[in-house]
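Structure, as structure tokens:
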Amino acid sequence: MSNIFSSSIGKKLIMSISGLFLVVFLLLHVSINFTAIISEKAYMAACNFMDTNILIQIMVPVLAAGFAIHIIYSLIITMKNLRARPVSYAVGNEAKASSWASRNMFVLGLIVFGFLALHLTHFWAKMQLQHFIGGHPEEAYKLVKELFGTWYYAAVYVVWVGALYFHLSHGFWSAFQTLGTNNSKWLPRLQCIAKVYAVIVALGFVSIPVYFLMGLDPLFP
Amino acid sequence: MKLKLKIWRQKNAKAKGGFETYDLEGVSPDTSFLEMLDILNDKLIREGKEPVAFDHDCREGICGMCSLYINGRAHGPDDEVTTCQLHMRKFKDGDTITVEPWRSAAFPVIKDLVVNRYAFDQILQAGGFISVNTGGVPDGNAIPIGKEDADESMDAAACIGCGACVATCKNGSAMLFVGARVSSLAKLPQGKIEAARRAKAMVAKMDELGFGGCTNTQACEAECPKSISIAHIARLNREFLCAKLGD
Ligand code: HEM
Ligand code: FES
């Protein structure tokens with residue numbers, strides 16, 4: 001184990017494990033969100049579960065740490081990589097050789113982070129946090145309906161989902177490559193699974209504002 | 001063919017370089033790219049000017065000595081070939097061709113288009129070898145090796161160490177080179193004995209020499225003249241992580 005994390009591959013190990021942890025979290029998050037489409041009752045039950053389940057309570061600080069670690073290491077890695085190519089080419093042709101997402105993981109991550117901050121203040125601070133500190137949580141369904149019913153909030157949200165989609169479509173398979181659990185046979189399979197996963201997450205998240213903006217909610221009370 | 005060449009000129013490692021433009025006429029489409037540079041240099045020498053310095057040796061695509069970043073691609077617009085195997089028929093009459101040296105912190109420019117790739121030798125010296133006892137030549141096939149393992153190993157061993165991976169990678173990462181070397185030896189019984197030590201030593205050297213890390217963009221694989229797969233990077237990750245975790 002000696003000084004594994006000072007090596008470039010060790011740092012990427014941290015990126016991949018924290019990244020995959022966030023990947024699992026997103027799947028849970030998008031499932032919870034989706035209950036808002038099923039019905040108000042289902043959504044309230046899901047919120048109640050998230051607010052009271054002991055395992056979730058334990059995982060909240062772990063999740064925060066996961067985000068912090070992923071972001072801090074993304075900075076360390078990106079800085080080192082920029083230093084390794086101090087002079088850029090006069091003529092570049094990168095688009096031919098690599099995917100756009102893979103070249104812009106840091107920028108995509110920053111967009112994801114930007115919305116994360118917004119999201120925490122608008123939703124989390126008024127919902128789950130209030131349960132933890134014994135404050136007055138807002139009525140969750142009403143809050144969701146109100147915010148997603150505003151077009152500009154929904155627009156920012158869609159940009160975020162777009163960035164998230166690209167981050168995940170590369171990040172998902174990239175993490176397995178980093179862990180060394182990849183080979184010529186599995187590379188196309190993992191890349192395909194990555195796309196499927198990213199599409200499910202993106203569509204899942206986008207469906208909420210679309211649902212409320214189009215005023216479909218009275219159809220599924 | 002009539003060509004306009006925009007070539008990076010730099011007196012020495014310390015000098016500030018810049019692009020110079022040269023016009024070249026009467027180039028046959030069947031000349032190789034390096035022969036075209038020879039023609040240019042011949043012209044420059046006759047005019048009493050300093051010829052363009054560039055690396056080359058075998059000129060048959062096996063030594064890895066030639067380099068050059070041509071119109072935004074390592075080894076130019078043709079796929080799966082080195083610059084010495086690139087021919088002018090891949091360009092059009094009247095084209096402007098921009099020629100730059102490899103760009104990476106670990107490969108400093110020595111002069112014009114020549115960069116110092118000694119860092120690769122240092123990585124190899126750190127662990128890219130197997131230890132054998134001296135003596136007579138061992139019998140062929142004394143150690144049986146499965147066909148699939150032998151193939152994997154040979155695919156990785158096709159690496160000629162030209163540095164196109166480093167030149168292409170936006171992080172100036174040497175992971176494809178190191179991956180190929182670690183992988184080709186790790187797949188063979190002869191290389192297994194020192195496998196753990198090798199992966200650790202070569203990665204440590206690579207990090208120390210200022211190469212960047214891998215962000216799995218796959219650009220290296222696309223530009224490698226020997227089409228070495230990033231599957232070898234996955235194997236390097238595996239070898240390295242297992243070695244470190246086993247410590
Ligand atoms: C829900 C949010 C997120 C998820 C699910 C996620 C997931 C992932 C995954 C799976 C990887 C691949 C790791 C690897 O290549 O081994 C990755 C890479 C990366 N992430 Fe994230 N990430 C998230 C948020 C962020 C944020 C907020 C940032 C930073 C501001 C960020 C920056 C990066 C960077 C720079 C990489 C590339 C690292 C590299 O290839 O060396 N990510 N992410
Ligand atoms: S000169 Fe030997 S590979 Fe090009």
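Chain identifiers are assigned alphabetically (A, B, ...) following the order of the sequence lines, protein sequences preceding nucleic acid strands; residue numbering begins at 1 within each chain.
Atom NZ of B:K170 and atom OG of A:S98 lie 8.5 Å apart (nearest 0.5 Å). From A:I9, atom CD1 reaches atom CE of B:M206 across 5.0 Å, with rounding to the nearest 0.5 Å. Annotation: the span from A:S16 atom OG to B:L241 atom CG amounts to 8.0 Å, rounded to 0.5 Å. To the nearest 0.5 Å, the span separating SG on B:C169 from CG on A:N81 amounts to 7.0 Å. One distance of note links CH2 of B:W8 with OH of A:Y89; it measures 12.0 Å at 0.5 Å rounding.
Enclosure of atom NZ in A:K80 by more than 12 non-hydrogen atoms of other residues, nucleotides or ligands within 6.0 angstrom is indicated. Shown here is A:F34, whose CZ atom has no more than 12 heavy atoms of other residues, nucleotides or ligands within 6.0 Å. Within a 6.0 Å radius of NZ in A:K195, no more than 12 heavy atoms belonging to other residues, nucleotides or ligands are found. Within a 6.0 Å radius of CZ in A:F115, more than 12 heavy atoms belonging to other residues, nucleotides or ligands are found. Other residues, nucleotides and ligands place no more than 12 heavy atoms under 6.0 Å from the NZ atom of B:K4.
Here B:G213 is the residue among B:G213, B:A231, B:C220 with the most heavy-atom pairs under 4.5 Å with chain A. Counting heavy-atom pairs closer than 4.5 Å to chain B, the top-ranked of the candidates A:L82, A:T181, A:T178, A:L13 is A:T178. With chain A as partner, the option from B:E239, B:M175, B:R238, B:E208 having the largest number of non-hydrogen pairs under 4.5 angstrom is B:R238. Of the listed residues A:I77, A:N183, A:V87, A:L179, the one with more heavy-atom pairs under 4.5 angstrom with chain B than any other is A:V87.
Among all heavy-atom pairs drawn from B:G212 and A:A84, the shortest one is N-CB, 3.3 Å.
Of the atoms belonging to B:C214, it is backbone heavy atoms, and not side-chain ones, that fall under 4.5 Å from chain A. No part of B:R235 comes within reach of chain A, as not one of its non-hydrogen atoms sits under 4.5 angstrom from that chain. Residue B:I70: no heavy atom, backbone or side chain, is found under 4.5 Å from chain A. Contacts between B:S229 and chain A at a heavy-atom distance below 4.5 Å involve the side chain alone, from C-beta outward. Of the two parts of B:T217, the backbone and the side chain both hold a non-hydrogen atom closer than 4.5 Å to a non-hydrogen atom of chain A. For a residue to count as touching a neighbouring chain, one of its non-hydrogen atoms must lie under 4.5 Å from one of that chain's; by this rule B:F107 does not touch chain A. Both the backbone and the side chain of B:A105 come within contact range of chain A, each with at least one heavy atom under 4.5 Å from a heavy atom of that chain. Using a 4.5 Å cut-off between heavy atoms, A:S99 touches chain B through its backbone atoms (N, CA, C, O) alone. For B:F211, the part sitting under 4.5 Å from any heavy atom of chain A is the backbone (N, CA, C, O) and nothing else.
Of the N and O atoms on the side chains of B:D207 and A:S8, at least one donor lies less than 3.5 Å from an acceptor on the other residue. Looking at A:Q177 and B:Q218, their side chains never bring a donor and an acceptor atom within 3.5 Å of each other. B:N237 and A:K12 share no side-chain donor-acceptor pair at under 3.5 Å.
In terms of modelled atom types and a separation under 3.5 Å, the side chain of A:R85 and the main chain of B:A167 share a donor-acceptor contact. Of the possible donor and acceptor atoms, one in the side chain of B:E100 sits under 3.5 Å from a partner among the backbone N and O of A:A90.
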Output, in order, the C-alpha distance, side-chain angles, deciding distance and verdict of side chain to side chain contact (heavy atoms under 4.5 Å, CB included) for A:V91 and B:K6.
CA-CA 11 Å; A:V91 181; B:K6 257 184 82 184; 5.9 Å; no
Before giving the answer on side chain to side chain contact (heavy atoms under 4.5 Å, CB included), spell out for A:I4 and B:D247 the whole-Å C-alpha distance, their side-chain angles and the decisive distance to 0.1 Å.
CA-CA 10 Å; A:I4 181 168; B:D247 269 355; over 6 Å; no
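Side-chain contact between A:W173 and B:N216 is present, with heavy atoms from C-beta onward closer than 4.5 Å.
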